[in-house]
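These notes are about the structure you will find just below.
The chains referred to below are lettered A, B, ... by the order of the sequence lines, with proteins before strands, and numbering in each begins at 1.
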There are 2 protein chains.
Amino acid sequence: MATEQRTGAGERSDEELSMLLDDQMCFALYAASRAVTALYRPMLDEVGLTYPQYLVLLVLWERGEDAATGVKDIGAALQLDYGTLSPLLKRLEARGLIRRERRADDERAVRIALTPEGAALRERARAFPGEIGAAMGLDDEEFDRTRASLRRLVDNVTAYTRERR
Amino acid sequence: MATEQRTGAGERSDEELSMLLDDQMCFALYAASRAVTALYRPMLDEVGLTYPQYLVLLVLWERGEDAATGVKDIGAALQLDYGTLSPLLKRLEARGLIRRERRADDERAVRIALTPEGAALRERARAFPGEIGAAMGLDDEEFDRTRASLRRLVDNVTAYTRERR
DNA sequence: CAAAAGTAGATTGCGCGCAATCTAATTGTG
DNA sequence: CACAATTAGATTGCGCGCAATCTACTTTTG
């Protein structure tokens, strides 16, 4: 266990953090995110989904059939833009899991709705979070605290990014 | 702040975790990883690197000029395969930051070595971790604890994945 | 030493992410 | 009402990630 040196002894305290790969939070996040995605892969393969497609379905399952969910709403929930979502949603439509239809009252907007097949898939996915959580192997307290810290981190980073834009 | 319900009231305690997007660690990780990458982007743009390219250089800077680092070594450090690394390393070579040369004693292996330009880039990158860390806005204790939990999570998940392979 | 097994790396194909650009519909304003 | 600004979404292009397949070396083994 290498000891850290986040805030140095004196001068240049915030510009001289370690450049070591394993000291960096950014790499820990990058590695953890990919490891968890890889953990999902065999489960998602069984239902023929990719991980981002699964996230989109999580949003739709949560909103319900009659929520008038637009592409923009999904993008806001997942922080994904049209460049990612447009082709992804077309693939979900091609698989028969969702329908995409222009709204009559606003021809710009596309309403994304679950098909019965898409809604039914929820039951097959219900066991996923439990399996994933178990494989992570953190106890409830560490799990909750880590998730809370990640949320705080995302909020801070998002605010920071928005400021300097 | 929604309160959680990780382990339900009684039956099916580990198969009935919340399906809500915001309750899921996997989404917290996915969102945090992308938010941090986005935070790096303007900095990395200034030196003409992508985030994964930056990670590769972190490895090379850490190993030093004469470490005989192979593509496999970089892959082991970053958990990336040849399909990702081969074209990425060619791009770094095209930018003049690294050299790729077959080793004389083992014609299968490719030695990746920093050029003077690649080595010099380290100085321009030295300030990055500090800026990123500041934008994350976690105090030292929360930062260290979260990073430690992420490492533990990656270790557990990796072991789990390896078991069922 | 020859055939088999193993290893280092490259290539192909597909699905994200994301910037940049485009279209078409709606809203706002003089 | 005309015309500018805004908005929802699609498209293009590029660089990952990763599975699958391929090549070309090395090492093992009969």
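The interatomic distance linking A/Tyr51 (OH) with D/dC18 (C1') rounds to 16 Å, in whole Å. For A/Arg34 and C/dG17, the CZ to C1' distance is 15 Å, given to the nearest whole Å. Separating the CG atom of A/Leu78 from the P atom of C/dC18 is a distance of 11 Å, rounded to the nearest angstrom. The interatomic distance linking B/Gln79 (CD) with D/dG17 (C1') rounds to 13 Å, in whole Å. In this structure, B/Asp105 atom CG and D/dT26 atom P are separated by 9 Å, rounded to whole Å. One atom, CD of A/Glu107, and another, P of D/dG9, lie 12 Å apart when rounded to the nearest Å. Distance CD1 (A/Ile98) to C1' (D/dG9): 14 Å, rounded to an integer number of Å. Per the geometry, CG belonging to A/Asp81 stands 13 Å off P belonging to C/dC16, to the nearest Å.
Shown here for B/Ala68 and B/Arg111, the closest heavy-atom pair between the two residues is CA-NH1, 3.6 Å.
Every salt bridge (charged side-chain N to carboxylate O under 4.0 Å, His left out) that B/Arg145 has, sequence neighbours left out, goes to B/Glu141. Applying the side-chain contact (heavy atoms from CB on, under 4.5 Å) rule to B/Arg99 yields the partners B/Glu101, B/Ala113, B/Thr115; only residues at least two apart in sequence or on another chain are considered. For B/Met25, the side-chain contact (heavy atoms from CB on, under 4.5 Å) partners two or more places apart in sequence, or in a different chain, are A/Met136, A/Leu138, A/Phe143, A/Thr146, A/Arg147, A/Leu150, B/Leu29, B/Leu153. In this view, B/Arg122 satisfies the salt bridge (charged side-chain N to carboxylate O under 4.0 Å, His left out) rule with no residue, not counting sequence neighbours.
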Which pairs would a plain distance check flag for residues 53-62 of chain B, meaning a side-chain donor or acceptor within less than 3.5 Å of a matching protein atom at least two apart in sequence or in another chain?
unit_1  : atom_1 : unit_2   : atom_2 : d
B/Gln53 : OE1    : B/Thr50  : N      : 3.1
B/Trp61 : NE1    : B/Gly118 : O      : 2.9
B/Glu62 : OE1    : A/Leu21  : N      : 3.1

With a cut-off of 3.5 Å and sequence neighbours excluded, list every side-chain donor-acceptor pair involving residues 75-83 of chain B.
unit_1  : atom_1 : unit_2  : atom_2 : d
B/Asp81 : OD1    : B/Gly83 : N      : 3.2
B/Asp81 : OD1    : B/Thr84 : N      : 3.1
B/Asp81 : OD1    : B/Thr84 : OG1    : 3.4

5' to 3', nucleotides 3-15 of chain C under a 4.0 Å protein heavy-atom cut-off (B base, S sugar-phosphate only, - none) gives ---BBSBBB---S
Using salt bridge (Lys or Arg N to Asp or Glu O under 4.0 Å), reason through A/Lys90 and A/Glu93 one step at a time and then give a plain yes or no.
CA-CA 5 Å; A/Lys90 280 191 180 175; A/Glu93 186 184 37; over 6 Å; no
Under 3.5 Å, which protein N or O atoms sit close to an N or O of nucleotides 1-3 of chain D? Give each pair with its distance.
none

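Residues in residues 27-49 of chain A take part in these side-chain hydrogen bond (donor to acceptor under 3.5 Å, both in side chains) pairs, two or more places apart or across chains: A/Tyr40-B/Gln24.
A/Asp45 comes within 4.0 angstrom of no nucleic acid atom, judged by non-hydrogen atoms across all strands.
Remark: A/Tyr30 is in phosphate contact with D/dG17, judged by side-chain N or O atoms under 4.0 Å from OP1 or OP2.
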